[in-house]
Every structure is written in structure tokens, then in C-alpha cells.
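Everything on this sheet refers to the single structure shown next.
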2 protein chains.
Amino acid sequence: MVEQELSTEKVILEAAKKVFLDKGFDGARMQQIADEAGINKALLHYYFRSKDKLFDAIFEGAFMQFLPNISQVMVSDIPFAEKIRAIVGHYIDMLLENPYLPVFVIRELQRTPEKIIALIKKTGINPESANQMVQKEVADGKIIPISFTHLIVNLIGLCIFPFIGRPIIEGFMFNSDKDAYHKFIMERKTLVADFIINALQIK
Amino acid sequence: MVEQELSTEKVILEAAKKVFLDKGFDGARMQQIADEAGINKALLHYYFRSKDKLFDAIFEGAFMQFLPNISQVMVSDIPFAEKIRAIVGHYIDMLLENPYLPVFVIRELQRTPEKIIALIKKTGINPESANQMVQKEVADGKIIPISFTHLIVNLIGLCIFPFIGRPIIEGFMFNSDKDAYHKFIMERKTLVADFIINALQIK
DNA sequence: GTTTAGTTTAACCATTTGGCAAAATTAATA
DNA sequence: TATTAATTTTGCCAAATGGTTAAACTAAAC
């Protein structure tokens, strides 16, 4: 038989993701997840023994989404400036679709840092190729001397802060004008890339 | 008579600040705060009727500390580049002394955004003078066209992300080498300012 | 018709917030 | 100094919250 509707497990995972993303582990309630999924609390435990296990089931995916995939773009055969534009553009697009992701990851990063470091290491992500790519640009005199770490920290910081600080930016700087905030984010897709490219340029 | 030791209220506030900063409202426990203060749990309720009230008592101060004081520097009579250096330098110094502050504020900003927007508005902070200052630089052709909002969002994002992302940067990029992380932050005091100044320069 | 997976109801129980009255301490007054 | 009043602190417990489990029920599969 064809399952036309989502399986219970999927429904739970989706509900859990929604609630955990919004409230964080400490703020989330099993009851709220059950309500969101349209089932009862006990069923959550039938599928995922505990709150912790349920959380783990959604966390890895969410966290992986959070990490920008730098390496792929960095080793591709396009000019350096285009690489920056591509990474920033894709990353901000992802953030537009998952605006709660940064706050969620940051919160959990503070709660269980070791667990998350272990997760990154497990994935085998390796910044070495991207690092060498950047250092070659530096050596060739194409960009100012800067370590890969500083560069990537700058890039991510510039991309995520508008999402992290949304309440302040939208509520205070834009007097709760949602459209103004959205326009602001859209502007940043090119503005941030240009900002970085300009900052890296040698005078 | 001279009170050589801190009053009970101060001790409680300090303990509360420490625990709330680390764990957030949802993660903090009254018992833990009492332990930290070396007093009885009931005494917390005697001084501050509820967890909410105790939280409010520490929040405003913490939040105000988080906001960089831009206006003061912006209207001062020094070259624009020096203003950027001053703001970034002071802000990173403050973050070095209060490394948990950004995550704390971000977490609570997500939990009760309205409350915090109201708080900012209450303080009467006004970005207008700083805004005009920046727009004059733009009009005079000293820097590229950029809105004050984009500029300040860039600046804050560049400053706070290394603190927010510390576990990843220190644990993953620097293989848990604390000294390397600290050196990295120190480098950023000048690097971030230079990065911004360079990015704003017209070619 | 028996077994099994999925689901619900109901309850349990640990944790945590918060209230209250008594005890202890400090300050004020006779 | 003794007494009284006010403040601070403690121990204890009520109430609520929230994660977890047990038991019962349903429906599908064999």
C-alpha cells in the first residue's frame, strides 16, 4: 500500500525540530512537541525513548545545515571574488529558509560544547583544501594577508548576525517594519560579498 | 560601621547573573543560584519574589552592557577610521571581559523579543546622530555608500561571532588550543577594524 | 484467531518553583 | 541592661510542572 501521508516518525521529527529550533532543549516541552505533531506524549517515548534521544535525532541534521559548505566552492574553478559571492549568496539563502538555525545552534553550542565538537570531528570536515586555496591567493598578492580562520569567521559573522539580531534590527532600527527588514536582508546578499571582497583588496 | 562584606542582595544578584549568563533563563535553577550565593533557596524568594523578578533584576544591566556605545565615539572629533578602531577595540575588550554576554542576550532575545525591544526603546537610545555622521562621510565621498544599519550590523557581527562560536573555533579550528584562540581574538582587535576600514574605502 | 505494531489513557514520580511560619539575628527603646 | 520590635534566615512543605512508564485498547498482518 502507498503511504500517502507522512509516517508518524517523520511527523514527530518535524514537530520536534520546529519546537526545539524555537525554544531550545531547555525551553522545549514534550507536550508541546506532541501537540505540534497531533499525537500524545507517550507516543514520543514509544518512538524515541527520551527527550534527549529525540533531540539527538534532530540535532545532527540541523547542525550540518548550519555549516556553510566552503570547500566545494573554494576548490572550484572560478575567480576568487566569485567564490566569495557564491558562498555568501548560498549561505544567506539557507538562512532565509532557516532563520532560527543560528540561534538554535549557538544556544546548544553553549549547553553541550564537547558533544558538538565531537560531532564536527566525526563528520571528517577538513578545511585544509580551502585554507590552501586562500593562502595561494595571499601568496600571489591577489588579496591582503589573512588567515583562513579569520576570513571564514568574518564571513559567517557578517551573514548570521542579521538573523541572530533580528528582533533588534527589525523592532528597533526598522520600527517593526517587516518589509524593511526583509529588504535589508536581501541587500546583504550582495553587500556582504562586496564588503568582504573590498576588504581583501590590496590598495 | 563600615560594611566590609557584600550585602546579601548583592551576593544574590552576582550569583544570579553568573548562573543566568551561563545557563539562560530556562536552563537556570533557583537552587543553583542559591548554592552559588552560599545561601538558602528560600532567601532568594524573600529578596526577589520570583525567578522572573530575579531575572529582570539582572537582565537590564547585562543587556545595556551588550550594546556598544557608538554615538559617543561617532560624534567625537577624530578621523573616521579612528572611530572605527575605537569602537571595535572597546567592544572586543568588553567581550573579553564578558565572553558569555552575546550568547546570553541572543538566547533571551529569542525567548522574549517584545520585552527586550521595549527595554531598548525605554532607554531612549537614538542612532540618529551616528547615522548622520556616517551619511556625511558617504556624501563627502570618503567612504563607499552604505547605510548606518548595514555598517553597524557588520561591525557587531564581526566582533561577536568569534565569542559566540568559540567552541567551534577553539575546539575545531585550533584543536582545543586555548592560547591559540586567545591570540586569535587579540589579533582581531586590529584586524576587524582594518577589515572594515578597507571595505569602506573607495577604489 | 493469534500475534504484533501503533496508539491512547492514566498515572507515576522527580524536579522545581514558591509560600509560610518559626527561629535567629539585629536594631531600637525603655 | 532588659525588653521589644523589626529584619533576616531557615526548614519545611504545598503546588505545579514535566519527563517517563504501565496498562489497556485498536487495527492490521500472518
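Every value quoted in this text rests on a predicted model; they were computed, and no experiment measured them. We name chains A, B, ... by the order of the sequence lines, and we start the count at 1 in each one.
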| request: Please name all residues satisfying side chain to side chain donor-acceptor pair (under 3.5 Å) with Lys41(B), sequence neighbours left out, ordered by chain then number. | output: none

| query | Got a sec, which residues hit side chain to side chain donor-acceptor pair (under 3.5 Å) with Asp52(A), two or more places apart in sequence or on another chain? | reply | none

Identify each donor-acceptor pair in which a side-chain atom of residues 25-34 of chain A lies under 3.5 Å from a protein atom, sequence neighbours left out, and give them as a table.
unit_1	atom_1	unit_2	atom_2	d
Arg29(A)	NH1	Asp26(A)	O	3.0
Gln31(A)	NE2	Asp35(A)	OD1	2.9

| Quick one: ring pair (Phe, Tyr, Trp, His ring centres under 6.0 Å) pairs with a partner in residues 154-182 of chain A, sequence neighbours left out? | Phe174(A)-Phe184(A)

Heteroatom pairs (N/O) under 3.5 angstrom, protein to nucleotides 28-30 of chain D:
none

| task | For Asp52(B) and dT16(C), give me the distance from atom CG to atom P, rounded to whole Å. | result | 17 Å

| task | Work out how much the helix from dG1(C)-dC30(D) to dA30(C)-dT1(D) bends between its end axes, five pairs an end, to the nearest 10 degrees. | result | 10°

| note | Rounded to whole Å, the CG-P distance (Leu44(B) to dT16(C)) equals 14 Å

| query | Among all residues two or more places apart in sequence or in another chain, which pass the side-chain contact (heavy atoms from CB on, under 4.5 Å) test with Asp77(B)? | reply | none

| CG of Asp26(B) versus C1' of dT15(C): gap in Å, rounded? | 15 Å

| message | For Ser176(B), give me all partners under side-chain contact (heavy atoms from CB on, under 4.5 Å), at least two apart in sequence or on another chain. | response | none

| Listed partners of Phe20(A) passing ring pair (Phe, Tyr, Trp, His ring centres under 6.0 Å), at least two apart | Phe55(A)

| request: Could you tell me the separation between the CG atom of Asp35(B) and the P atom of dT16(C), rounded to a whole number of Å? | output: 11 Å

| message | Give me each pair satisfying side chain to side chain donor-acceptor pair (under 3.5 Å) with a member in residues 148-163 of chain A, each pair once, sequence neighbours excluded. | response | His150(A)-Glu187(B), His150(A)-Arg188(B), Asn154(A)-Arg188(B)

Give every donor-acceptor pair under 3.5 Å between a side-chain atom in residues 127-134 of chain B and any protein atom, sequence neighbours left out.
unit_1	atom_1	unit_2	atom_2	d
Glu128(B)	OE2	Gln132(B)	NE2	3.4

| said: Tell me whether the count of non-hydrogen atoms from other residues, nucleotides or ligands lying under 6.0 Å of NZ in Lys10(A) goes above 12. | reply: no

| Under 4.0 Å protein heavy-atom contact, by nucleotide of nucleotides 8-19 of chain D - B base, S sugar-phosphate only | BBBB------SB

